[in-house]
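Notes follow the structure.
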Amino acid sequence: MENKILIEEILKLKEEKNAIILAHNYQPKEIQEVADFLGDSLELCIKASEIEDKDIVVFCGVDFMAETAYILNPNKKILIPDVEAECPMAHMLNAEQIKEAKKQYPKAPVVLYVNSLAEAKAESDILCTSGNALKIVESLDSDTILFGPDTNLGRYVEKQTDKKIIPIPGDGHCYVHKKYEVKDIDNAKKTHPNADVIVHPECDIEVQNAADYVLSTGGMLNHIKNSEKDEFIIGTEIDFMTRVENETSGKKLYPLLSDAICETMKLHTLKNLKNALQNEEHIVKVPEDIREKSFNAVNKMIQASK
Ligand code: 13P
Ligand code: SF4
């Protein structure tokens with residue numbers, strides 16, 4: 001009942017304030033239900049680049065996602081319901097570390113995963129997401145690429161390209177996807193021998209190698225929708241299952257681990273989403289010089305992905 005009232009208030013405020021709610025696939029069920037648009041990181045970037053008729057964007061995701069929406073829309077109010085919703089991986093690489101790496105490899109372009117700080121994006125040549133990393137790396141006219149902060153996504157790309165991938169830093173990772181081990185896949189396959197095993201490229205390379213498919217969350221959803229198979233073991237954050245369950249019927253989904261939870265993604269609730277709209281808080285911005293520099297890298301990625 002309380003949720004029903006909160007949802008009504010959110011929908012009313014959204015109308016009054018001419019706002020749109022964007023949410024990542026890892027958001028809790030109740031946020032997924034109230035969002036105007038749900039997506040993976042690439043889909044959210046593209047959507048954010050296309051918003052013309054709204055004054056406010058409420059971003060239910062982690063900090064770098066809301067910052068990217070601001071980088072693309074400096075004239076709109078970008079709000080995040082809980083300011084502590086940070087991605088720890090993004091905070092593993094700062095601008096100084098990139099400058100140091102560039103000194104060592106002056107000719108190598110810097111490809112940054114969108115899960116990065118705005119100050120780091122400003123030092124990069126082009127961004128990528130897990131959905132387009134290989135395409136972006138292949139589009140560059142250089143044999144050596146500086147790539148960060150996710151070493152596992154870097155290895156995923158390296159496996160499929162002749163280019164040399166230099167990770168920056170050497171140990172950037174996602175603590176959620178690090179939880180998966182090869183033995184989890186072996187066990188799940190024993191229990192569900194007919195299921196496809198799909199994991200995210202943020203998983204360790206051994207886990208990627210043991211899976212049937214390695215895909216972004218958007219790629220996973222498309223695969224499941226279009227596959228003739230009807231059983232899937234899913235190796236990514238647990239609430240992605242909510243999205244798939246809502247959009248597919250007759251498919252059996254099994255989590256590879258049930259405790260793969262991105263804690264900061266869960267900080268957004270109906271209550272603080274309502275407060276965000278009501279009080280127009282918490283405003284997400286980045287300094288203008290950083291925004292301008294990082295816009296080029298974000299925009300190049302979007303153009304290369306279309
Ligand atoms: P995608 O949704 O782009 O697959 O990325 C997952 C992720 O961890 C976002 O932080
Ligand atoms: Fe960051 Fe991992 Fe959470 Fe994605 S799942 S937002 S990479 S901590």
Side-chain angles (χ1 to χ4, degrees), residues 22-28 31-32 35 37-48 59-69 80-93 111-117 120-121 127-136 147-157 169 171-180 198-204 207-208 211 213-224 234-244 247 255-268 298 301-302 305:
L22 307 186
H24 187 262
N25 290 334
Y26 296 162
Q27 282 299 292
I31 300 284
Q32 291 199 20
F37 183 85
L38 271 173
D40 70 3
S41 309
L42 179 60
E43 292 159 343
L44 286 163
C45 277
I46 293 173
K47 181 70 187 174
F59 214 112
C60 297
V62 282
D63 53 353
F64 73 80
M65 296 175 176
E67 282 173 2
T68 308
I80 191 160
D82 191 311
V83 269
E84 301 206 335
E86 292 184 344
C87 167
M89 184 209 281
H91 292 259
M92 290 176 187
L93 178 65
V111 178
L112 270 206
Y113 193 20
V114 70
N115 299 35
S116 50
L117 303 177
K121 287 184 175 76
L127 293 196
C128 73
T129 71
S130 55
N132 64 13
L134 179 64
K135 187 174 175 183
I136 297 292
F147 189 99
D150 188 17
T151 46
N152 284 335
L153 181 62
R155 284 185 198 130
Y156 163 80
V157 172
D171 57 355
H173 65 275
C174 163
Y175 76 98
V176 182
H177 291 89
K178 269 270 174 203
K179 287 188 179 175
Y180 299 106
I198 318 173
V199 303
H200 197 272
E202 288 175 11
C203 295
D204 282 340
V207 172
Q208 295 183 29
Y213 297 92
V214 184
L215 294 165
S216 70
T217 59
M220 288 184 189
L221 184 64
N222 286 337
H223 175 84
I224 295 167
I234 299 179
T236 196
E237 212 271 349
I238 197 73
D239 263 312
F240 173 64
M241 305 267 294
T242 307
R243 167 115 202 244
V244 186
E247 294 187 24
L256 184 53
L257 282 181
S258 48
D259 66 344
I261 298 168
C262 178
E263 300 291 343
T264 47
M265 281 275 185
K266 310 304 164 200
L267 292 173
H268 305 312
V298 182
M301 172 188 76
I302 291 174
S305 304

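Atoms within a ligand are numbered from 1 in the order they appear, just like the ligands themselves. Keep in mind that the numbers below use all heavy atoms, side chains included, and drop hydrogens, waters and symmetry copies.
- Using a distance-only test at 3.5 Å, with no hydrogens or angles considered, no donor-acceptor pair links the side chain of K178 to the main chain of E202.
- Counting the atoms of ligand 1 from 1 in the order shown, those under 4.0 Å from a heavy atom of H200 are 1 (P), 4 (O), 5 (O), 6 (C).
- The distance from ligand 1 to the heavy atoms of S130 drops below 4.0 Å at these ligand atoms: 1 (P), 3 (O), 4 (O), 5 (O).
- Using a 4.0 Å heavy-atom cutoff, F64 is listed among the residues neighbouring ligand 1.
- Of all protein heavy atoms, the one lying nearest to atom 2 (Fe) of ligand 2 is C174 SG, 2.3 Å.
- Shortest contact from atom 3 (Fe) of ligand 2 to any protein heavy atom: C262 SG, 2.4 Å.
- Pairs of residues two or more places apart, or lying in two chains, that qualify as side-chain hydrogen bond (donor to acceptor under 3.5 Å, both in side chains) and include a residue from residues 37-47 are D40-S216.
- Ion pairing between E237 and K266 holds under the 4.0 Å rule for side-chain N and carboxylate O.
- Judged by the shortest distance from any of its heavy atoms, E43 lies outside the 4.0 Å radius around the atoms of ligand 1.
- Considering backbone and side-chain N/O of H24, one or more are found under 3.5 Å from N/O of ligand 1.
- Taking a cut-off of under 4.0 Å to the non-hydrogen atoms of Y26, the atoms of ligand 2 that pass are 5 (S).
- A donor-acceptor contact shorter than 3.5 Å is absent between the side chain of E86 and the backbone of D63.
- Although no hydrogens or angles enter the test, the distance criterion places no donor-acceptor pair under 3.5 Å between the side chain of N222 and the main chain of G219.
- Remark: ligand 1 atoms within the under-4.0 Å shell around heavy atoms of M65 are 9 (C), 10 (O).
- Under the 3.5 Å distance criterion, the side-chain polar atoms of K179 are matched with a main-chain donor or acceptor of D259.
- Under the 4.0 angstrom criterion for non-hydrogen atoms, N115 is in contact with ligand 1.
- At least one side-chain heavy atom of K121 sits under 4.5 Å from a side-chain heavy atom of F64.
- T68 meets the side-chain hydrogen bond (donor to acceptor under 3.5 Å, both in side chains) test with no other residue; sequence neighbours excluded.
- Ligand 2 places these atoms under 4.0 Å from at least one heavy atom of V62: 6 (S).
- Put simply, the side chain of I80 reaches to within 4.5 Å of the side chain of H268, judged on heavy atoms.
- Numbered from 1 in the order shown, with element, the atoms of ligand 1 that lie under 4.0 Å from a heavy atom of Y26 read 6 (C), 7 (C), 8 (O).
- When each atom of ligand 1 is checked for a heavy atom of S216 under 4.0 Å away, the hits are 4 (O).
- Contact record, L112 with L93: CD2-CD2, 3.6 Å, taken as the closest heavy-atom pair.
- The protein non-hydrogen atom at the shortest distance from atom 1 (Fe) of ligand 2 is C87 SG, 2.4 Å.
- Here the side chains of Y113 and P149 are in contact, with some heavy-atom distance below 4.5 Å.
- Annotation: atom 3 (O) of ligand 1 to nearest protein heavy atom, S41 OG, 2.9 Å.
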Legend entry - Audit row: Y156, S130, side chain to side chain contact (heavy atoms under 4.5 Å, CB included) steps and yes/no: CA-CA 9 Å; Y156 163 80; S130 55; over 6 Å; no
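- Taking atom 8 (S) of ligand 2 as the reference point, the nearest protein heavy-atom neighbour is P88 CD, 3.6 Å.
- The T217 neighbourhood of ligand 1 comprises atoms 1 (P), 2 (O), 4 (O), with distances under 4.0 Å to a heavy atom of that residue.
- From the protein, the heavy atom lying nearest to atom 8 (O) of ligand 1 is E202 OE2, 3.1 Å.
- At a 4.0 Å heavy-atom cut-off, ligand 2 touches E202 through the side chain alone.
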